[in-house]
A.B. asks: 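Attaching a single structure in structure tokens format; questions to follow.
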Amino acid sequence: QVQVVESGGGSVQAGGSLRLSCAASGHTECNYLMSWYRQAPGEEREEREFVSAIDRDGDTTYADSVKGRFTISQGNAKNTVYLQMNSLKPEDTAMYYCKAVVSPLVPCPLVPGIGYWGQGTQVTVSS
């Protein structure tokens with residue numbers, strides 16, 4: 001099936017930077033809409049907050065809370081994305097999850113619209 005793997009989390013002081021990576025593997029013939037979500041401590045899975053997304057054309061969207069500080073980009077390898085996080089704040093502390101949604105635009109044996117989640121990478125920002 002599809003595996004989604006995140007990396008790059010860590011602990012930084014406020015004002016610092018981190019770069020998260022995400023790769024979706026399996027069914028390489030498929031394209032995925034890649035996005036980032038985060039889940040703050042004590043929140044349930046259903047409360048995960050949208051952070052950013054990028055489509056195959058490179059069009060990006062961001063949550064208002066991260067605009068101007070975070071940048072999502074596509075990697076050279078297919079179905080990989082990065083999230084550059086600058087000017088980090090304590091309120092950015094969360095588990096960051098990558099989600100890969102099957103695109104309907106390319107022939108693919110998977111069901112379009114189905115999303116696959118990674119296991120998450122922890123980001124901790126201290127004041």
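Numbers here simply count residues along the sequence, with the first being 1.
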A.B. asks: Of all heavy-atom pairs between Val2 and His27, which one has the smallest distance, and what is that distance?
C.D. replies: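 Smallest heavy-atom distance, with atoms named: CG2-CD2, 4.4 Å.
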A.B. asks: Under the side chain to side chain donor-acceptor pair (under 3.5 Å) test, which residues partner Ser17, sequence neighbours left out?
C.D. replies: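 For Ser17, the residues satisfying side chain to side chain donor-acceptor pair (under 3.5 Å) (neighbours in sequence not counted) are Asn86.
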A.B. asks: Which pair of heavy atoms, one from Pro90 and one from Ser126, lies closest together, and at what distance?
C.D. replies: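 Nearest pair, atom of Pro90 first, then Ser126: CG-C, 4.5 Å.
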A.B. asks: What is the distance from atom OG of Ser127 to atom NZ of Lys89, rounded to the nearest 0.5 Å?
C.D. replies: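 One gets 13.5 Å once the value is rounded to the nearest 0.5 Å.
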A.B. asks: Looking at Glu44, I want to see if its CD is surrounded by more than 12 non-hydrogen atoms of other residues, nucleotides or ligands under 6.0 Å.
C.D. replies: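 Not more than 12 within 6.0 Å, no.
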A.B. asks: Hey, does the side chain of Ser87 reach the backbone of Gly15 with a donor-acceptor pair shorter than 3.5 angstrom?
C.D. replies: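 Not at all, since once roles are kept as given, no pair shorter than 3.5 Å links the two residues.
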A.B. asks: Counting only pairs under 3.5 Å, give me each side-chain donor-acceptor contact of residues 95-109, with atom names and distances, residues two or more places apart or in other chains.
C.D. replies:
{"residue": "Tyr96", "atom": "OH", "partner": "Arg38", "partner atom": "NH1", "Å": "2.9"}
{"residue": "Tyr96", "atom": "OH", "partner": "Asp92", "partner atom": "O", "Å": "2.7"}
{"residue": "Ser103", "atom": "OG", "partner": "Leu105", "partner atom": "N", "Å": "3.1"}

A.B. asks: Walk me through it: do Met85 and Leu20 pass the test side-chain contact (heavy atoms from CB on, under 4.5 Å)?
C.D. replies: CA-CA 8 Å; Met85 305 186 297; Leu20 306 183; 3.8 Å; yes
A.B. asks: Which distance, rounded to the nearest 0.5 Å, do you find between the OG of Ser35 and the CG of Leu33?
C.D. replies: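 Ser35 atom OG to Leu33 atom CG measures 5.5 Å (nearest 0.5 Å).
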A.B. asks: Taking everything shown except Glu47 itself, do over 12 heavy atoms lie less than 6.0 Å from its CD?
C.D. replies: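 More than 12 heavy atoms, drawn from other residues, nucleotides or ligands, come within 6.0 Å of this atom.
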A.B. asks: Does a side-chain heavy-atom distance below 4.5 Å link Phe70 with Leu88?
C.D. replies: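 With C-beta onward as the side chain, the pair touches.
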A.B. asks: Check whether Met34 and Tyr37 end up in the same hydrophobic cluster, where Ile, Leu, Val, Met, Phe, Trp and Tyr are linked by side-chain heavy atoms less than 4.5 Å apart.
C.D. replies: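 Not linked; separate clusters.
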A.B. asks: Measuring from atom CD1 of Ile72 to atom CD of Gln84, what distance do you get when rounded to the nearest 0.5 angstrom?
C.D. replies: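 The distance works out to 12.0 Å.
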A.B. asks: Within the structure provided, determine whether Trp36 and Val66 are in side-chain contact (heavy-atom separation under 4.5 Å).
C.D. replies: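 Trp36 does not reach Val66 side chain to side chain.
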A.B. asks: Among Asp55, Val4, Leu110, Val81, which one satisfies side chain to side chain contact (heavy atoms under 4.5 Å, CB included) with Tyr32?
C.D. replies: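 One option only clears the test, and that one is Leu110.
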A.B. asks: Do Lys78 and Asn31 come within less than 4.5 Å of each other through their side chains, counting heavy atoms only?
C.D. replies: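 Contact flag for Lys78/Asn31 side chains = yes.
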A.B. asks: Indicate every side-chain donor-acceptor pair of residues 111-122 with a distance under 3.5 Å to a residue at least two apart or in another chain.
C.D. replies:
{"residue": "Thr121", "atom": "OG1", "partner": "Gly9", "partner atom": "N", "Å": "3.0"}
{"residue": "Gln122", "atom": "NE2", "partner": "Ala94", "partner atom": "O", "Å": "3.4"}
{"residue": "Gln122", "atom": "NE2", "partner": "Thr124", "partner atom": "OG1", "Å": "3.4"}

A.B. asks: To check you understand the geometry: which heavy-atom pair defines the closest contact between Leu18 and Gly8, and what is its length?
C.D. replies: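 In terms of heavy atoms, the two residues are closest at CD2-O, 4.0 Å.
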A.B. asks: Just wondering, do Thr71 and Tyr82 contact through their side chains at under 4.5 Å, heavy atoms?
C.D. replies: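 Contact flag for Tyr82/Thr71 side chains = no.
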A.B. asks: What closest approach, in Å, do Gln39 and Glu43 show between heavy atoms, and which atom pair accounts for it?
C.D. replies: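 Minimum heavy-atom contact is NE2-O, 2.9 Å.
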A.B. asks: Can you tell if the side chain of Gln74 reaches within under 4.5 Å of the side chain of Ile54, non-hydrogen atoms only?
C.D. replies: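 Side chain of Gln74 against side chain of Ile54, heavy atoms only: contact under 4.5 Å found.
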A.B. asks: Kindly indicate whether the side chain of Glu49, heavy atoms from C-beta on, has any atom under 4.5 Å from the side chain of Ser65.
C.D. replies: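 Answer yes - side chains close enough.
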